[in-house]
Each structure stands twice: as structure tokens, then as C-alpha cells.
> 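Right, I'll just put the structure down here and ask away after.
The shown structure was predicted, so the numbers you read here are calculated from the model rather than taken from an experiment. Quick note: numbers below take in every heavy atom, side chains included, and nothing from hydrogens, waters or symmetry partners. We number each residue from 1, following the sequence as shown.
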Amino acid sequence: MKEAIVRKDLSVDIVHSPIPKPKPGHVLIKVIVAGSNPKDWKLPAMFGTEINSGDDIAGTIEAVGEDVVGFRKGDRVAAFHEMRTAHGAFAEYAVAPYYTTFHIPDSTSYEEAATIPLAAYTSACALFQDLELPEPWSPLAKSAGKKGIKRPLIIYGASTATGAFAIKLAAAANIHPIIAVGSKRSDFIKPFLDETKGDVLIDYTAHLTEESLIKAIQEAVKKGGAPDGRCWKAYDTVSEDKTIRLVTNAIAGPADATGQRPRVTNIFLKTEVEGSDPSVDIVFSMVGQVHYEDENDKLIGVIWGAAFSRGLREGWLTPHPYMTGKDGLESLSEGLQGLRDGKIRAQKCLTRLDKASA
């Protein structure tokens, strides 16, 4: 099979490799579309690794390993490949754990499906594991929907795939008001924001200073009807020092009567940022937890995979905007460089494998 190896300089070597065999608990997928993520250009430079780094898979089940249930050859699926391991998405065949593989409806194209796995799982972990918000199926979420209970949430980076999926998942869990911070590129997410429940999209480019943006966020929280006018939970999908610092200053304040402190989670492993407000806990979200050996962590993947599949059928989960390279694996290097250089923004960069080079 043809397989793409991403080098440190983001050049790509297309090599011929044996078709892998799925080990127990894994499935072999014939890849139709593979998705790229920012980590696909960041990790080669950070760690010097040169591997097939693709983790977003959309295709059909080719074979299943031992102890796999719920999948058979020919099933249309999307999957989250285990990061920094062999047999990734940038190949004609890829391997993924069955517990981070989920069925996709016929109404969802392979391109659309390939935008979902890593980003959606990341945001599910951030919101419902690390910020400890109630999942859409929990009694607390259902009660909030019926009684109009306010659980304000700031999501910084509405244009990113992780930010956009976080907004959709939060809305499905009746979490409001959602204070989404993005730009004009974020307009595609507006249908998932409910102004009647206090949701709002704030264009950070309209604010010349950090202080002005912080004030706008705080005013939106109050206007959205947050209890005591405060927001206690925030998710920074951009995760730069300056954005984490800004968000901590937007939610800063004393702990509540139970000792709970404001909390912001990020996706770049940061727990301390110079200039951040000390009253706020900074934590990080590891999507890799869905691949841990602990059986309870595997359940996160199984449950949310089923939720993603259902969300696609019911319409409360939609794909992220995307662009597709013109020449299959031959276009992969160009796409990764476009992500690195900021030429591809507010879109997922996809590779269609049936256009792979000979």
C-alpha cells in the first residue's frame, strides 16, 4: 500500500508499505479520506519524529481484530487513530482502536466524517472530563434545558475545529450562555448559538486592546444571565500564553463557598502562564486519554463515538468546514505547510486517498 511519511521540514515521502493487520481490539480501515490537524506540522518539529502522523480516518472497515464487537467488513466509519503510533491515516489502510471508531450515516460524506474524530474527541474530553460539565444525556443537562439553568462557558477560538465542536457539544448539553470568542471567520458557528439563552459570538479583532476584549467577555457573561454575573469555566482552544492569560483575567475572582475556583483548560499541556490571574486554575486536556489502557478511559471513546454517530443522524453535530488537496498524498505537504503558515484557517485540510499518486 502507499503510505506518506511526514518529515521534520514537512516534506512528505510516499513509500510502499505492507498492509497492516489489526491486533486485538483494533480495526483495519480502508482509508478514503484522511484529515490533518495542527499537531501534524507541530510535532515533527517539536519531537523530530518522521512518521505517518495522520489521526483522522474516514473509510470502510476492511478487517477486525480479536475482541472487536460492533463492526464488520464494509461498514462506513470514522476513527481516531492513536497518536504517535504506526499505521496512521496517511495511507491506503490504517489501524484504529474499535473504541475510538464510530459508524457514520449514509447522509454524511467521507470528507465530512474526516473532519470530526480528533477535534470532537478533544473537546468532549475538555468540556466533560476536565471542566466536569454535565454530558448531554445526564439528568443535570436535561434539567438545565427544562428549567433554564445557567452554566456559563467561555470558548476561545470559535473558528478552530476544536472550538466549533465544543460549541456544538455544549449546546447539546444545554450549557448556556456560551460566550464564543472568534472572528468573522467564525460566522459558520452562529446557528449553534442561541441568543435567547445568552449565547454570543465576540469578534476579538474588533477590540484594539486586551483590556477591551476582557471587558466585552465579562459584559457578555453578565448579559447572558450568569448567576452572580460570573463565569467559572473556560476552554481555550488556541492555547497560546497570551490567550490563556487573557481568559484567566476574564474569569478571575474568589472561590465560591465550597472552595471551587475558576478553571480554564487548554490543549497544549500548560498549567502555568506568566501574567495569568492566580485565582484561576489552569489545567490541560489530553485527548490521548481515550486511548489509555484503563477500561474506564476506553468507555469515554465508546460512549462519545456513539454520541457523534447519533449527533450526525439527528443534526445537532455537523462537520467542520474543509478543503481537500487536489492530488491526494502528493498534496499533503502543501496542506501541512498551509496550516503552519496560516494560509488554511477555519477549515480542516483533507487528503482523499483515491487520488493518491502511483
Side-chain angles (χ1 to χ4, degrees), residues 27 29-37 54-61 69-81 89 94 96-128 133 135-138 141-142 145 155 158-175 178 180 186 188-194 237 287 290 299-324 346-353:
V27 296
I29 301 171
K30 180 176 176 59
V31 182
I32 297 177
V33 180
S36 299
N37 294 277
D55 294 319
D56 278 331
I57 308 167
T60 58
I61 296 291
V69 295
F71 297 98
R72 60 183 180 182
K73 185 172 181 177
D75 285 352
R76 301 177 78 250
V77 297
F80 173 32
H81 168 263
Y98 82 89
Y99 44 87
T100 53
T101 301
F102 55 95
H103 295 274
I104 57 174
D106 291 341
S107 57
T108 300
S109 71
Y110 291 112
E111 283 84 357
E112 291 171 330
T115 71
I116 296 169
L118 189 152
Y121 271 120
T122 298
S123 290
C125 290
L127 297 186
F128 305 107
L133 292 165
E135 294 92 344
W137 48 84
S138 74
K142 293 177 181 178
I155 298 175
S159 295
T160 66
T162 47
F165 283 120
I167 291 168
K168 297 168 187 177
L169 296 178
N174 294 312
I175 295 167
I178 300 170
S186 310
F188 68 91
I189 205 65
K190 284 184 176 179
F192 290 89
L193 297 172
D194 189 341
T237 71
V287 66
V290 299
L299 277 176
I300 300 171
V302 173
I303 292 168
W304 275 105
F308 299 154
S309 184
R310 180 173 178 175
L312 289 170
R313 293 195 306 272
E314 296 179 350
W316 56 261
L317 184 71
T318 61
H320 197 66
Y322 63 86
M323 59 82 63
T324 307
Q347 291 181 303
K348 292 280 284 188
C349 181
L350 306 181
T351 300
R352 191 164 179 102
L353 269 293

> Tell me if a side-chain donor or acceptor on Arg76 pairs with a main-chain N or O of Ile61 at a distance below 3.5 Å.
no
> Which heavy atom of Ile29 sits nearest a heavy atom of Ala79, and at what distance?
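Looking at all heavy atoms of both residues, the closest pair is CD1-CB, 3.6 Å.
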> With a 3.5 Å cut-off and no angle check, do the side chains of Tyr110 and Arg352 form a donor-acceptor pair?
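Not at all, the side chains of Tyr110 and Arg352 share no donor-acceptor pair under 3.5 Å.
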> What is the distance from atom CG of Leu118 to atom CG of Asp56, rounded to the nearest 0.5 Å?
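Answer for the CG-CG pair, Leu118 versus Asp56, is 5.5 Å.
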> What are the two closest heavy atoms between Ala114 and Val33, and how far apart are they?
CB-CG1, 3.6 Å
> Go through the side-chain N and O atoms of Thr318 and Lys168 and say whether any donor and acceptor fall under 3.5 Å apart.
yes
> Find the distance between NE2 (His81) and OG1 (Thr100) and round it off to the nearest 0.5 Å.
9.5 Å
> So, applying side-chain contact (heavy atoms from CB on, under 4.5 Å) with Ile189, which one of Ile167, Ile178, Ile155 is it?
Ile167
> Can you find a side-chain donor-acceptor pair between Ser159 and Ser186 that sits under 3.5 Å?
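Side chains of Ser159 and Ser186: pair found under 3.5 Å.
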> Looking only at side chains, do Glu314 and Trp316 share a donor and an acceptor under 3.5 Å apart?
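Yes.
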> Working to the nearest 0.5 Å, report the span between CH2 of Trp137 and NZ of Lys142.
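Rounded to the nearest 0.5 Å, the CH2-NZ separation comes to 10.5 Å.
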> Output the distance between atom CD1 (Ile116) and atom CD1 (Ile57), rounded to the nearest 0.5 Å.
13.5 Å
> Does Leu350 offer a backbone N or O that forms a donor-acceptor pair with the side chain of Ser36 under 3.5 Å?
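Side chain of Ser36 to backbone of Leu350: no pair is present.
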> To the nearest 0.5 Å, how far apart are CE in Met323 and CD in Glu111?
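The CE atom of Met323 sits 12.0 Å away from the CD atom of Glu111.
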> Ala141 and Ala173: which non-hydrogen atoms are nearest, and at how many Å?
CB-O, 3.4 Å
> Any idea which heavy atoms bring Cys125 and Ile300 closest together, and the distance?
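Shortest heavy-atom separation between Cys125 and Ile300 comes out as SG-CG2, 4.5 Å.
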> Under a 3.5 Å cutoff, is there a donor and acceptor pairing between the side chains of Thr160 and Thr237?
yes
> I'd like to know if the side chain of Thr101 reaches the main chain of Pro97, judged simply by a donor and an acceptor atom lying under 3.5 Å from each other, with no hydrogens or angles considered.
yes
> Using modelled atom types and a 3.5 Å cut-off, is there a donor and acceptor pairing between side-chain atoms of His103 and backbone atoms of Gly70?
yes
> Do any N or O atoms from the side chain of Ser123 and from the backbone of Ala120 form a donor-acceptor pair under 3.5 angstrom?
no
> Could you point out which residue of Phe165, Phe128, Tyr121, Phe80 forms a ring pair (Phe, Tyr, Trp, His ring centres under 6.0 Å) with Trp304?
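Testing Trp304 for a ring pair (Phe, Tyr, Trp, His ring centres under 6.0 Å) against Phe165, Phe128, Tyr121, Phe80 leaves exactly one candidate, Phe128.
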> Within the structure provided, determine whether Leu312 and Arg310 are in side-chain contact (heavy-atom separation under 4.5 Å).
no
> If I compare all heavy atoms of Ala89 with all of Leu353, which pair ends up nearest, and what's the gap?
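Shortest heavy-atom separation between Ala89 and Leu353 comes out as O-CD2, 4.3 Å.
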> Do you know the tightest heavy-atom contact between Gly305 and Phe102?
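Between these two residues, the closest heavy atoms are O-CB, 3.3 Å.
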> Is there a side chain to side chain donor-acceptor pair (under 3.5 Å) between Asp55 and Asn37? Walk through the geometry before answering.
CA-CA 8 Å; Asp55 294 319; Asn37 294 277; 5.9 Å; no
> Could you give the distance from CD (Gln347) to OG1 (Thr115), rounded to the nearest 0.5 Å?
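That separation rounds to 11.5 Å.
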